[in-house]
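Worksheet for the structure shown next.
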Amino acid sequence: MSIHSILPPEAYLEEQPPVERIEKPCPYGLVDCLPLPDGRLQISRVISTDPAAYLDPAFAPGAIFQPEGKS
């Protein structure tokens with residue numbers, strides 16, 4: 001459904017609560033994670049200047065983040 005209005009969307013749409021995000025260090029830089037109900041962290045994005053970070057499937061968006069030293 002399209003809404004044609006002179007008002008900005010914030011004026012007529014319900015405001016969504018902000019999503020909690022956690023940044024954790026990884027070997028390439030940082031990963032931005034979403035906390036899951038069971039306490040694990042799901043990777044949302046990689047923050048790095050190293051191109052290898054974006055090719056490593058362990059740090060792909062949607063993967064479960066495993067801090068170093070844990071399996």
Side-chain angles (χ1 to χ4, degrees):
M1 174 175 81
S2 296
I3 298 177
H4 300 280
S5 174
I6 61 170
L7 298 174
E10 300 84 31
Y12 54 84
L13 294 177
E14 291 183 26
E15 188 173 329
Q16 300 294 323
V19 177
E20 180 185 358
R21 295 187 177 274
I22 299 171
E23 289 183 358
K24 293 285 189 175
C26 74
Y28 300 109
L30 294 172
V31 287
D32 188 24
C33 302
L34 299 170
L36 297 175
D38 61 1
R40 297 181 304 160
L41 298 174
Q42 182 180 30
I43 296 174
S44 174
R45 66 182 176 140
V46 178
I47 305 169
S48 177
T49 57
D50 185 354
Y54 301 95
L55 299 174
D56 190 339
F59 298 102
I64 301 301
F65 179 64
Q66 297 291 334
E68 288 195 18
K70 292 187 177 183
S71 19

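The basis for the numbers below is simple: all heavy atoms, side chains too, and nothing from hydrogens, waters or symmetry mates.
Leu36 is listed as a side-chain neighbour of Ile64, based on a closest heavy-atom distance under 4.5 Å. With contacts defined as side-chain heavy-atom distances shorter than 4.5 Å, the pair Leu30/Ser48 does not qualify.
With sequence neighbours excluded, the residues that form a salt bridge (Lys or Arg N to Asp or Glu O under 4.0 Å) with Asp32 are Arg21, Arg45. Listed by chain and number, the residues in a side chain to side chain donor-acceptor pair (under 3.5 Å) with Asp50 amount to none (sequence neighbours excluded).
One hydrophobic cluster holds both Leu7 and Ile3 under the rule that ILVMFWY side chains link at heavy-atom gaps under 4.5 Å.
Of the candidates Ile22, Leu34, Val31, Val19, Leu34 is the only one forming a side-chain contact (heavy atoms from CB on, under 4.5 Å) with Ser44.
Listed here is the closest heavy atom pair of Cys33 and Leu41: CB-CB, 3.8 Å.
Screening residues 11-64 for ring-ring contact (aromatic ring centres under 6.0 Å, His included), with sequence neighbours left out, gives Tyr28-Phe59.
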